[in-house]
Protein chains: 2
Amino acid sequence: MGRARKSSTKRATLADVAKVANVSAITVSRVINQPGKVSPELGQRVQEAIDMLGYIPNQSASSLASARSGVIGVSIPSLSNVVFNDVLRGIYDVAGASDYKVLLVDTHYSPLEEEKMVRTLLSQSPEAMIITGGDQTRACERMLAKAGMPVVQIMELLEQPLDMNVGFSHYQAGYDVALKMLATGCNQLGFVGARMDARVQQRMAGFVDALRAKNKLNQEYIVTTPEPSSIALGGELFRSLLSASSGAVDGIFCCNDDLALGALFESQRMNIKIPTEMSLCGFNDFETSAYVNPSLSSVHVPRYEMGVKAAEMIINVLNDKGVADKTLDIGFEVILRQSSRASVPPQ
Amino acid sequence: MGRARKSSTKRATLADVAKVANVSAITVSRVINQPGKVSPELGQRVQEAIDMLGYIPNQSASSLASARSGVIGVSIPSLSNVVFNDVLRGIYDVAGASDYKVLLVDTHYSPLEEEKMVRTLLSQSPEAMIITGGDQTRACERMLAKAGMPVVQIMELLEQPLDMNVGFSHYQAGYDVALKMLATGCNQLGFVGARMDARVQQRMAGFVDALRAKNKLNQEYIVTTPEPSSIALGGELFRSLLSASSGAVDGIFCCNDDLALGALFESQRMNIKIPTEMSLCGFNDFETSAYVNPSLSSVHVPRYEMGVKAAEMIINVLNDKGVADKTLDIGFEVILRQSSRASVPPQ
DNA sequence: GGGGCTAATGATAGCGCAAACATTGGGTGC
DNA sequence: GCACCCAATGTTTGCGCTATCATTAGCCCC
């Protein structure tokens with residue numbers, strides 16, 4: 001099958017182009033990679049041969065010969081979590097502008113799978129890597145160190161980054177949310193979390209520590225599950241927390257906006273008044289959160305910028321421009337909306 | 001900078017491993033690629049050498065020597081549109097299970113950029129390609145044809161697919177939505193669309209044709225914009241349509257759930273009763289749509305399955321298993337919820 | 001006007017791996 | 001006991017490209 005094909009059955013090579021243009025192979029290579037080094041007339045002749053043959057360079061051969069792949073490896077925990085979309089967009093935008101390709105893998109939130117995926121990425125000889133968080137296995141860290149390439153860890157701020165780091169403090173964000181919710185008059189604060197990956201745990205730790213510091217911590221008001229987040233789950237956990245607290249809770253910090261929206265929609269169905277009977281705050285600031293009624297308080301994170309900065313750091317290092325600071329705190333902002341007591345006008 | 005590095009400064013090669021294990025290079029290659037062909041003792045010895053050196057195969061060299069890259073190229077119009085996430089997840093799940101890597105590019109909804117990106121993908125010598133829709137440039141089609149590899153076009157059903165095709169009829173979906181909305185008692189139907197890519201245009205065409213067939217078409221009730229969709233935009237377009245129709249419209253088909261949710265939230269703020277004064281229907285069936293109050297009618301599409309099927313088709317062809325049918329209609333389902341007159345119980 | 005430059009092009013070699021073919025050393029059948 | 005076969009391992013070669021080192025021709029300077 002597929003034997004018969006128009007024109008030559010095999011992909012054209014540099015040598016084919018060279019023959020047609022009546023030049024040496026290396027000249028064709030230069031027309032493609034260093035056009036300035038070839039005289040305009042010859043360049044044009046070669047270009048015509050390239051077009052005629054529909055020549056597309058073989059990147060494997062190029063990588064092998066030059067030890068440069070033009071690939072940046074990126075590892076994220078989940079393709080379905082919208083949060084990573086914006087980051088990815090930032091990475092792709094910057095990488096694309098510099099003619100780097102992005103090889104993307106999904107670790108399903110598992111360090112072991114991450115290790116396997118990083119191995120896969122490394123086998124492609126990327127020139128740099130962007131990975132999520134700091135939960136790598138020892139073996140994974142060793143591979144990365146051995147590879148000796150620029151690495152950026154994103155999403156969170158690490159104590160001891162492998163190399164470079166762009167993120168923000170989830171702990172501080174959780175802490176700030178607690179303080180703000182207390183300031184708006186909540187007295188019985190609860191926490192709802194799902195998936196419970198490292199970053200969610202940090203948010204929770206900050207939230208809990210703040211409550212403890214203010215002597216407002218009630219362990220029974222903390223509901224978590226390893227299940228992945230969803231709006232449906234947010235509704236369920238909301239009900240769980242209500243019954244666990246016998247309805248005493250008057251404010252809930254949900255570890256992300258999925259859960260928070262689920263809680264908000266469920267509270268509407270249960271006829272619980274928001275924010276008068278119940279305050280809600282999410283995390284990640286989805287677009288929906290700003291427009292739902294009542295609008296949802298959340299923590300805004302400049303995710304696109306985080307991706308951009310991570311990619312820029314890498315491009316700079318690859319171009320020997322150096323990097324001012326190996327660690328960048330991209331920050332966050334707690335945004336109080338109508339789902340919080342001291343409500344502000346929409347948007 | 002970065003000169004000093006632990007252990008050998010260069011990545012270990014097959015030959016290095018071979019020397020340590022005191023075997024030939026090809027034996028090491030076999031341990032990795034065809035373990036059954038090596039005796040267990042030797043295999044073990046080689047494996048130890050691999051572990052000791054932290055050897056990671058060089059995929060570029062492997063691709064060059066074997067003419068197999070293990071890469072599937074995937075091209076989607078947008079990284080930020082959630083719709084493609086589920087499809088991608090399906091593709092990644094199937095590809096990963098068969099040890100194929102996915103190289104993903106983003107065309108920003110531009111056929112010209114798609115052409116450039118396809119060229120980039122082809123330079124990586126993928127073994128197959130998954131691309132979105134049927135709007136390729138002539139040059140792009142030519143490249144793909146010349147490459148002579150399996151290609152699956154996804155998201156929509158094409159009249160003349162380049163090769164294989166998995167999708168559904170956006171036209172039919174739009175048509176069905178119109179009929180269903182009319183059946184629930186709407187009389188003055190409007191359409192709101194953004195981005196207006198090929199698929200949105202097909203939905204609109206189906207919707208419009210159905211209205212025309214029922215003699216219910218009013219061109220003034222059609223509001224579109226080339227801007228990308230968002231919830232915010234949904235609210236704006238909703239207002240536009242209301243004023244364009246002097247408030248006469250009693251049902252709106254939004255080309256996606258972003259716009260529809262924006263319209264729904266805006267209608268709440270304007271105190272327009274849904275569905276009694278206004279019916280709404282979106283497209284894509286986001287999770288939010290099922291849980292928002294009132295819940296939003298939408299068109300459900302099995303996106304994850306679409307990704308899975310596309311990847312499976314490719315894997316089958318690559319394994320010479322053949323494919324039953326080169327075109328697969330994955331279908332859709334119009335789901336009426338509380339935002340439609342003949343409302344059904346939530347969920 | 002000759003030494004020494006640069007710009008433009010070419011020849012050669014080798015990147016790391018696997019395909020293809022070669023070799024070895026038992027087993028197997030009768 | 002001998003022809004045959006297969007399993008296990010090795011040798012050679014080349015995939016398509018670019019780094020490196022020639023080579024040539026023009027050119028500048030004093």
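Below, chains carry the letters A, B, ... as their sequence lines are ordered, and counting in each starts from 1.
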- Query: Between dG16(D), dA19(D), dT9(C), which one does the side chain of L42(A) approach most closely?
  - Reply: dT9(C)
- Item | Rounded distance in Å - CG (L14(A)) to P (dA13(C)) | 19 Å
- Touch check for L64(B), heavy atoms < 4.0 angstrom, all strands: base, sugar-phosphate only, or nothing? base
- Provide, to the nearest angstrom, the distance between the CD atom belonging to Q34(B) and the C1' atom belonging to dA20(C). 12 Å
- Item | Selected nucleotide, minimal atom distance to A61(A) side chain, candidates dC17(C), dG16(D), dT18(D) | dG16(D)
- Message: Measuring to OP1 and OP2 of dC15(D), would you say a side-chain N or O of K10(A) lies under 4.0 angstrom away?
- Response: no
- Task: Round to the nearest Å and state the distance from N22(A) atom CG to dG10(C) atom C1'.
- Result: 12 Å
- Item | Donor-acceptor contact below 3.5 Å, side chain S62(A) vs main chain N58(A) | no
- Round to a whole Å and report the spacing from OH of Y55(B) to C1' of dG16(C). 7 Å
- Any side-chain N or O of S66(B) less than 4.0 Å from the OP1 or OP2 oxygen of dA19(C)? no
- Task: Please check if any side-chain donor atom of N85(B) sits under 3.5 Å from a side-chain acceptor atom of Y304(B), or the reverse.
- Result: no
- Message: Whether the T107(B) and E113(B) side chains hold a donor-acceptor pair (N or O, under 3.5 Å, no angle test) is what I'd like checked.
- Response: no
- By nearest-heavy-atom nucleotide on DNA chain D, the more 5' of I32(A) and G36(B) is G36(B)
- S24(B) side chain near dT9(D) phosphate (N/O to OP1/OP2, under 4.0 Å): no
- Check: Q47(B)/D51(B) side-chain N/O donor and acceptor closer than 3.5 Å: yes
- Message: From CZ of R30(B) over to P of dA19(C), roughly how many Å is that when rounded to an integer?
- Response: 10 Å
- Item | Interatomic distance where NZ belongs to K37(A) and P belongs to dT24(D) [whole Å] | 20 Å
- Task: Heavy atoms only: give me the nearest D163(B)-P150(B) pair and the separation to one decimal.
- Result: OD2-CA, 3.3 Å
- Assign each of A65(B) and T27(B) to its nearest nucleotide of DNA chain D by heavy atoms, then name whichever residue's nucleotide is nearer the 5' end. T27(B)
- OP1, OP2 of dT18(D) versus side-chain N and O of N33(A): anything below 4.0 Å? yes
- Distance in angstrom units between N58(B) CG and dC17(D) P, rounded: 16 Å
- N or O in side chain of S39(B) less than 4.0 angstrom from dA8(D) OP1/OP2: no
- For the side chain of R11(B) and the base of dG16(C), is some donor closer than 3.5 Å to an acceptor across the two? no
- Message: Under 4.0 Å from OP1 or OP2 of dC17(D): is there any side-chain N or O of S29(A) that close?
- Response: no
- Measure from CD1 on I26(A) to P on dA11(C) and round the result to the nearest Å. 11 Å
